[in-house]
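Please read the structure below before turning to the comments.
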Amino acid sequence: MYRHMASSRPVEEVPSRVLTYCQYNREMETFEFPGLSKFANFRVVISTCNAAMALHNHGVQKGFFDVVFVDEAGTAHELEAAGAAFALLHRSGKLVLAGDPKQLGP
């Protein structure tokens with residue numbers, strides 16, 4: 001499992017139990033993409049919609065994923081959720097939207 005983070009995200013905001021699944025460069029103090037060969041070996045990739053759309057900048061091709069889950073889809077902007085899915089999802093893949101638009105906030 002790999003947790004993809006935006007390179008600009010402050011490491012202090014990431015719980016240590018999540019950091020275990022990230023690629024963080026302590027010397028450069030930034031989150032990094034692990035490289036295509038390593039990335040291709042992960043069976044599960046977790047990301048925000050915005051960070052997922054940037055995966056193609058790292059060479060991840062359209063159609064790389066067979067299934068894309070968008071959690072909290074009821075609170076996502078349509079372009080965020082659709083952009084991430086359509087940028088990465090295989091043509092015959094499945095898009096799963098989960099979320100409750102009437103969910104109470106914290």
Side-chain angles (χ1 to χ4, degrees):
M1 182 166 54
Y2 167 63
R3 174 55 162 105
H4 180 65
M5 294 285 190
S7 60
S8 60
R9 182 155 187 190
V11 71
E12 300 82 24
E13 293 180 0
V14 181
S16 60
R17 66 184 184 280
V18 174
L19 195 57
T20 303
Y21 300 99
C22 302
Q23 183 82 27
Y24 183 71
N25 183 326
R26 295 190 187 285
E27 184 177 305
M28 300 295 292
E29 297 181 345
T30 187
F31 288 97
E32 297 179 331
F33 183 73
L36 277 177
S37 60
K38 187 173 179 181
F39 182 81
N41 290 317
F42 293 115
R43 296 192 36 93
V44 175
V45 176
I46 301 167
S47 178
T48 64
C49 291
N50 285 337
M53 286 190 294
L55 286 173
H56 76 278
N57 293 337
H58 298 290
V60 178
Q61 298 296 310
K62 180 175 175 58
F64 184 85
F65 293 100
D66 296 322
V67 180
V68 171
F69 292 89
V70 179
D71 191 19
E72 299 298 337
T75 60
H77 294 283
E78 292 89 347
L79 290 177
E80 287 177 329
F86 296 125
L88 301 169
L89 190 60
H90 188 273
R91 182 180 174 107
S92 63
K94 293 178 177 41
L95 172 62
V96 179
L97 302 173
D100 180 1
K102 299 189 187 305
Q103 183 176 357
L104 298 174

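We use all heavy atoms of the structure for the numbers below, so side chains are in, but hydrogens, waters and symmetry mates are not. Positions are given from 1 along the sequence.
- Annotation for V18 and C22: closest pair O-SG, 3.5 Å, computed over non-hydrogen atoms.
- Between the side chain of T30 and the backbone N or O of S7, at least one donor-acceptor pair lies under 3.5 Å.
- Residue A85 comes nearest to L95 through the heavy atom pair CB-CD1, 3.5 Å, listed as atom of the first residue, atom of the second, then distance.
- Listed by first and then second residue, the ring-ring contact (aromatic ring centres under 6.0 Å, His included) pairs that reach into residues 76-95 come to none, sequence neighbours excluded.
- No single ILVMFWY cluster, assembled from side-chain heavy atoms under 4.5 Å apart, contains both L55 and Y24.
- The CZ atom of R3 sits 8.5 Å away from atom CZ of F31, with the distance rounded to the nearest 0.5 Å.
- Nearest heavy-atom pair across Q23 and P34 is OE1-CB, 3.6 Å.
- More than 12 heavy atoms of other residues, nucleotides or ligands sit less than 6.0 Å from atom NZ of K62.
- For the pair A52 and L88, the tightest heavy-atom approach, listed with the atom from each and the gap, is O-CD1, 3.5 Å.
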Task: Evaluation steps, side-chain contact (heavy atoms from CB on, under 4.5 Å), between V11 and M5 - done: CA-CA 10 Å; V11 71; M5 294 285 190; over 6 Å; no
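- With ring centers used as reference points, Y21 lies 6.0 Å or more from Y2.
- Other members of the cluster containing M53 do not exist, because no ILVMFWY side chain is joined to it at under 4.5 Å.
- Note that CZ of R43 is 13.0 Å distant from CE of M1, once rounded to the nearest 0.5 Å.
- Not counting sequence neighbours, the partners of E32 by the side chain to side chain donor-acceptor pair (under 3.5 Å) test are N25.
- No path of Ile, Leu, Val, Met, Phe, Trp and Tyr side chains, each step under 4.5 Å between heavy atoms, connects V45 with V67, placing them in separate hydrophobic clusters.
- The minimum heavy-atom distance linking A81 with A76 is given by the pair CB-CB, 4.3 Å.
- Cluster annotation: I46 is not connected to L89 through the hydrophobic network of ILVMFWY side chains, with a link wherever side-chain heavy atoms come within less than 4.5 Å.
- By the neighbour-count criterion of 12 heavy atoms within 6.0 Å, atom CD of E13 is densely surrounded, having more than that number from other residues, nucleotides or ligands.
- Under the 4.5 Å side-chain heavy-atom criterion for ILVMFWY residues, no single connected hydrophobic cluster contains both F33 and V14.
- To the nearest 0.5 Å, atoms OG1 (T48) and CD (E72) are separated by 13.5 Å.
- Residues V70 and V60 share a hydrophobic cluster, clusters being chains of Ile/Leu/Val/Met/Phe/Trp/Tyr side chains in contact below 4.5 Å.
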Task: Criterion side-chain contact (heavy atoms from CB on, under 4.5 Å) on V96 and F69, from CA distance to verdict - done: CA-CA 5 Å; V96 179; F69 292 89; 3.5 Å; yes
